[in-house]
Every structure is written in structure tokens, then in C-alpha cells.
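Just below is one structure, and these are the notes that go with it.
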2 protein chains.
Amino acid sequence: MLLRLYSCLDMLGFVSAPFEVLAEPRRRQILDLLRQRPRLVGELTDELGLSQPGVSKHLRVLREAGLVGVRQDAQRRWYELRLEPLRELDAWLHPYRILWDRALDDLEDHLDTMPDEVRPRTEG
Amino acid sequence: MLLRLYSCLDMLGFVSAPFEVLAEPRRRQILDLLRQRPRLVGELTDELGLSQPGVSKHLRVLREAGLVGVRQDAQRRWYELRLEPLRELDAWLHPYRILWDRALDDLEDHLDTMPDEVRPRTEG
DNA sequence: GTCGTACATGCTCTTGCGGTTATATAGCTG
DNA sequence: CAGCTATATAACCGCAAGAGCATGTACGAC
């Protein structure tokens, strides 16, 4: 969805495509597999239980998003994980992470200043 | 895409829908706006430059994914951010974060054991 | 009650994704 | 060269998502 526009904007350095790309469960599965070691298209095809052209198509999307890299070796192509685009995901998440850290801090403060009578039991 | 299946699996506690939900730029934009404070549908409509029913539809998706909550006040509905589902995103990202932290460590080790002649200049 | 506001829902249309099959391309083998 | 392997690309199909418009619903004001 909107992938075409986004891969276009992406080339101009505007938007983070990783979200759209990783919305696909199979593509996340591919990344999970590549986390262990580089793989051939054939391996991925077996693991995913998908047609080879289907896998190639997903790999193309991942490649254009910079999430995987390819190393050619005769007819074979070793696909490997590239981490950089995931940092954009992480960056988007950051302000939210701050919020939930702060929520935890507030909770602690609340417990600290709570009178003993109504204070929940702390184990140990 | 596959949203129906996923919201179904989600109710059973199986899969993380946040990826599919946040693939939509407008929905991310909504969350970004709600990060500051709760908002009315009308406000969001103005900010997004989208039709009101369009906004309501996105809000419905966000609600079903647990990413926003609603508080009703007469005819008005205050939508507010809910952080919990974002933790699933964070959790998925975690093994990758470990990888890129390790990559940094390896780089440091490499620099530490590198002979001075070929060692890149460190500023300062 | 009627009217106006704030929002949700239903419908229809278009578009684009994800899938498969068939075919093209590239490289090795003999 | 022909034939096999590994992968990419093309062509096509089905379906669901996103957008707009019209309508329904709930609540307050009068």
C-alpha cells in the first residue's frame, strides 16, 4: 500500500519505508531467518512454504528498502541482513519509549509517596 | 492487508498487529498527534486534511489494535494514546538491536587491536 | 418536539498488493 | 553447443484496503 510512492520518496531521503515493508509477515519472517546467517533464495523458499517467484518479489522489496543486501556467487545469490533501516523504526519508536519510561517513573513515585495503609504489598 | 485475519488472531493473543496498523502513514501521524495530548476527531480531521469519516475509520483500526483509547464526553470523543501495543514493536526489534550493538562492539574491538599505522584518526 | 453538532457506519469505486504460472536470464557442466 | 540449475521478471487474477459520499446515531440546545 503506497509502496510505490514511498519507495520513490525514499530515494529522495524523505520517508521511512520500513514500516510499509515490514507490515508483511513473510518479510519479517525473512529478516528473522537472515538474522542467523545469509541465505540463498532456495533456502528461503523452502522455509517460507511459498513459490520461488513470490520469495524473489519480497526480496526485491526488502532490497529496495535497504533491509537486505545480495552477494552473487555464480548462479547463486546470498541474501544478508542489513540493519541500518531498522534504526529508523527504532527512531520513530523513541519518543514513545520515553513516554512509557516516564509512566514507569511516575508509578514508582506514586508508590513511594503512598501512605503505608493503602500501599500494595511488595514481595520479599 | 491481512488486517482482518490479524485482528482475529490478535483477539486470541497470537500475533502482533501493530505492524500492519502502523504501516499507514496517517495512522502514525495520528499517534504522533496524540503523543502530545488527547484530541477530538474534529481536531484530527483538521490536522490530517482528510475527510471526517476517513479519520474515524483509521481511529477504529487504531482502537481495535489497542493503540488508542476513547473517552466520551457528550457528543465529543477524546482519543488518547495507549502505549502497550508499541511494546510488541519494541520486542520484535530487540534481537536486531542486539545485533547492531554487537556490531558496534566489534568495531571498537577492531579499532583497539588495530596497529597504529592503519588506524583511522580519531578527532579531538 | 426540531435543529444543530460530533461522530460512526454503510456503500461504492479504484488501486495496489500478494499470490501463482509461465517465461526470460545468467552461469555452470559436459 | 545443449541441458541443467538458480534466480529474476512478466503477465494475470483475486481480494482487501483506503478514500469519498451519503446516511445513521447520539447528545445538547432551544
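Reckoned from all heavy atoms, side chains included, excluding hydrogens, waters and symmetry mates. Chain identifiers are assigned alphabetically (A, B, ...) following the order of the sequence lines, protein sequences preceding nucleic acid strands; residue numbering begins at 1 within each chain.
The nearest whole Å value for the distance from the CD atom in Glu64(B) to the P atom in dA17(D) is 11 Å. Between the P atom of dA6(C) and the CG atom of Leu59(B) lies a distance of 16 Å, rounded to the nearest Å. Rounded to whole Å, atom P of dT5(D) lies 17 Å from atom CG of Asp73(A). Distance Glu20(A) CD to dG18(D) P: 11 Å, rounded to the nearest Å. Summarising the geometry, the separation between CG on Leu62(B) and P on dA17(D) is reported as 14 Å, rounded to the nearest angstrom. Following rounding to the nearest Å, Leu40(B) (CG) and dA26(D) (P) show an atom-to-atom distance of 19 Å. Following rounding to the nearest Å, Arg60(A) (CZ) and dG18(C) (P) show an atom-to-atom distance of 14 Å. Whole-Å rounding puts the Gln72(A) CD to dG27(C) C1' distance at 9 Å.
Figure legend: cation-pi geometry between Arg39(A) and Trp78(A) absent, as NZ or CZ is not positioned both under 6.0 Å from the six-membered ring centre and within 45° of its axis.
When each of dG10(C), dG19(C), dA10(D) is scored by its nearest atom to the side-chain atoms of Pro53(B), the top-ranked nucleotide is dG10(C). Closest to the side chain of Arg63(B), from the set dA8(C), dT7(D), dG18(C), is dA8(C). Of the candidate nucleotides dG18(D), dA26(D), dA22(D), dA26(D) has the atom lying nearest to any side-chain atom of Gln75(B). The side chain of Arg76(B) approaches dA6(C) more closely than any other nucleotide in the set dT5(D), dA6(C), dT9(D). Across dG20(D), dG18(C), dT7(D), the shortest atom-to-atom separation from the side chain of Leu50(B) is found for dG20(D). Side chain of Lys57(B), nearest nucleotide from dA8(C), dG18(D), dG28(D): dG18(D).
Distances shorter than 4.0 Å separate none of the side-chain N or O atoms of His58(B) from OP1 or OP2 on dA17(D). Taking only side-chain nitrogens and oxygens, Arg26(A) comes nearer than 4.0 Å to OP1 or OP2 of dG19(C). Close to dA26(C), at under 4.0 Å from its OP1 or OP2, lies no side-chain N or O of Arg77(A). An OP1 or OP2 oxygen of dT7(D) is reached within less than 4.0 angstrom by no side-chain nitrogen or oxygen of Ser56(A). Contact annotation: Tyr79(A) side-chain N/O to dA6(D) OP1/OP2 distance is not under 4.0 Å.
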message: With salt bridge (Lys or Arg N to Asp or Glu O under 4.0 Å) as the criterion, how do Asp73(A) and Arg76(A) come out once you've worked through the C-alpha distance, each side chain's angles and the decisive distance to 0.1 Å?
response: CA-CA 5 Å; Asp73(A) 157 42; Arg76(A) 307 179 163 188; 5.3 Å; no

task: Please test His58(A) against Arg27(A) for side chain to side chain donor-acceptor pair (under 3.5 Å), starting from the C-alpha separation and ending with a verdict.
output: CA-CA 6 Å; His58(A) 283 308; Arg27(A) 289 199 281 261; 3.1 Å; yes

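Scanning atom types as modelled, one donor and one acceptor separated by under 3.5 angstrom connect the side chain of Gln52(B) and the base of dA8(C).
With respect to the salt-bridge test (charged N to carboxylate O, under 4.0 angstrom), the residues Glu64(B) and Arg60(B) qualify.
Other residues, nucleotides and ligands contribute at most 12 non-hydrogen atoms within 6.0 Å of the CZ atom of Arg82(B).
Here the CD1 atom belonging to Ile30(A) is positioned 14.0 Å from the CZ atom belonging to Arg35(A), to the nearest 0.5 angstrom.
When each of Gly54(A) and Glu43(B) is assigned the nucleotide of DNA chain C with its nearest heavy atom, Glu43(B) is the one assigned upstream, toward the 5' end.
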